[in-house]
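Working notes, structure below.
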Amino acid sequence: MAKLILSMDGLVLKEIPLLKERMSIGRKAHNDIQIDNMAISGEHAAVVTILSDSFLEDLNSTNGTLVNGQSVKKHFLKDGDVIELGKYKMKYLAAPVAPGEVADYDKSMLFQSGPLPDVATLGDPMIAAVAQSQASAPAAPTLPAAAIQLLSGSNAGRELPLTKTLTTLGKPGLQVAVIARRPHGYFLTHVEGAKFPTVNGRVLDGQAHCLQDHDVIEIAGVKMEFFLKT
Amino acid sequence: MTNSLLGALEIATRTDPGLVRGQNEDSVFADADRGLAILADGMGGYNAGEVASRMATEILSSRLEKAFLDAAAHEAEGGGQAVVQRSLVEHIAAVNTAIYCAATDQSQFGGMGTTLVATVFCDDRVIVAHIGDSRLYRLRGEEFVALTRDHSLLQEQIDSGQISQEEARFSINRNLVTRAVGVDPVVEAEVHVHAVCPGDVYLLCSDGLYDMVEEDEIQHALELFGVNLELAAGQLIQMANDNGGEDNVSVVVVKVLHEFPAARGRWSKLRSWFR
């Protein structure tokens with residue numbers, strides 16, 4: 001299935017599979033793809049997919065629709081085309097012609113009566129290999145390694161590699177924050193305590209904060225620097 | 001005398017379609033004051049799975065609430081816990097009938113069904129009923145265990161020694177359930193009772209979570225975010241989606257803040273909870 005990758009300022013927001021023959025894009029809630037932003041028209045554009053071909057149509061939007069930097073009214077989408085609506089970008093990815101695509105059945109299925117599948121079939125190394133490759137299908141994200149270096153406190157100078165999915169910082173009961181290692185970056189989130197951590201002197205709100213190289217974080221009175229290892 | 005469940009539980013729920021599926025066929029329900037948490041993962045073409053899971057959570061929650069009110073009003077015989085256990089079985093049977101009838105009467109819902117995991121917290125215990133492969137986990141101290149065993153082809157194969165736990169991770173049969181609500185005229189719910197301790201964290205989840213996220217990662221997230229259940233629930237969904245989000249993913253996280261023992265009369269406590 002072809003899909004659109006919605007992003008803003010280089011940050012991936014959403015992956016949108018083109019499930020319907022016609023997917024409308026706009027600010028209003030009835031659209032298949034709603035982008036709630038004043039620069040987007042109520043009914044801004046639509047993507048029509050027929051078999052494996054997708055067409056983009058601008059629905060006379062106020063601010064227009066760009067594809068690869070060019071203003072378009074109607075456009076036949078090619079793999080990798082970048083659609084721009086206001087500050088939002090949508091990358092069009094054509095359906096991969098992979099054999100795995102055929103297996104688009106319901107994930108949870110009922111296995112009713114009937115004999116168990118042949119054990120020999122289950123043990124077949126070929127089938128096992130296929131299953132294994134599918135299991136590891138979500139390609140390992142190429143995220144650079146990163147670490148935290150303590151700048152103050154009794155452990156100043158110590159380095160803390162961010163290798164786990166979640167790393168806790170701070171003092172339990174007092175102030176705790178977590179750095180989550182995600183496919184598209186490292187995110188700092190406040191977890192516990194009345195006081196919120198600061199990044200480069202600015203107090204964090206309840207949202208996860210995407211850390212940039214050399215950001216200085218302060219948690220529970222301890223300053224530390226986030227850096228990418230290249 | 002603390003004979004009230006009020007304030008004993010903190011609950012956060014979250015359900016998400018994931019990154020691949022167009023619709024969300026999971027459904028969740030939670031009511032901390034009544035000690036009730038229910039999660040269902042529907043299956044069936046078009047939007048039938050959605051209908052089945054919604055029917056399961058809505059019908060079961062409303063029937064249980066009513067049943068507990070009625071029971072309290074009549075000072076029914078038998079301990080609260082036994083009554084709850086009976087009610088669960090009885091009302092899950094009713095839910096099964098409702099979904100089965102809808103599926104046979106209306107062709108667009110043909111073959112729909114749903115998994116179900118339902119918990120009732122009562123008298124320092126949790127009563128859990130389940131059908132299919134949605135799970136209940138418990139985090140107590142450093143120990144994280146599944147309290148339910150899937151009704152799945154895979155679990156049967158593991159039990160009969162045909163494949164090992166390790167091989168099971170790569171099995172192609174992992175989503176085949178052997179029991180579901182609404183598929184046959186009659187279904188048997190598996191019911192167990194477990195003692196509850198203050199500080200316990202319970203997690204109800206659909207296969208969209210444990211298929212995408214390793215159990216030790218789930219445990220780690222619950223430990224780290226245990227003080228903030230909303231964050232914990234959000235984090236679990238996020239991890240499933242970061243790992244591919246191939247299925248709908250739903251979680252209900254329940255934390256036990258303090259004890260909630262049954263007081264004097266058998267039904268006095270139930271009455272106070274369900275009032």
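Worth saying up front: this structure is predicted, and the values here are computed from it rather than measured. Numbered from 1 within each chain, the chains take letters A, B, ... in sequence-line order.
For B:Ala232, no part sits under 4.5 Å from any heavy atom of chain A, backbone or side chain. For a residue to count as touching a neighbouring chain, one of its non-hydrogen atoms must lie under 4.5 Å from one of that chain's; by this rule A:Lys14 does not touch chain B. For A:Leu19, the part lying near chain B is the side chain, with the backbone staying farther off; criterion is any non-hydrogen pair under 4.5 Å. Heavy-atom distances place the side chain of A:Val178, and not its backbone, under 4.5 Å from chain B.
A heavy-atom distance below 4.5 Å is found between the side chains of B:Ile237 and B:Val251.
At most 12 non-hydrogen atoms from other residues, nucleotides or ligands lie less than 6.0 angstrom from CD of B:Glu142.
The six-membered or imidazole ring of A:His209 lies away from that of A:His190, with a centre-to-centre distance of 6.0 Å or more.
Below 30°, between 30° and 60°, or above 60°: for B:Tyr210 and B:Tyr137 the angle between ring planes is above 60°, a perpendicular geometry.
Here the CZ-CD distance, from B:Arg149 to B:Gln155, works out to 4.5 Å after rounding to the nearest 0.5 Å.
Comparing B:Leu19, B:Asn228, B:Leu224 by how many heavy-atom pairs each has under 4.5 Å with chain A, the most go to B:Leu224.
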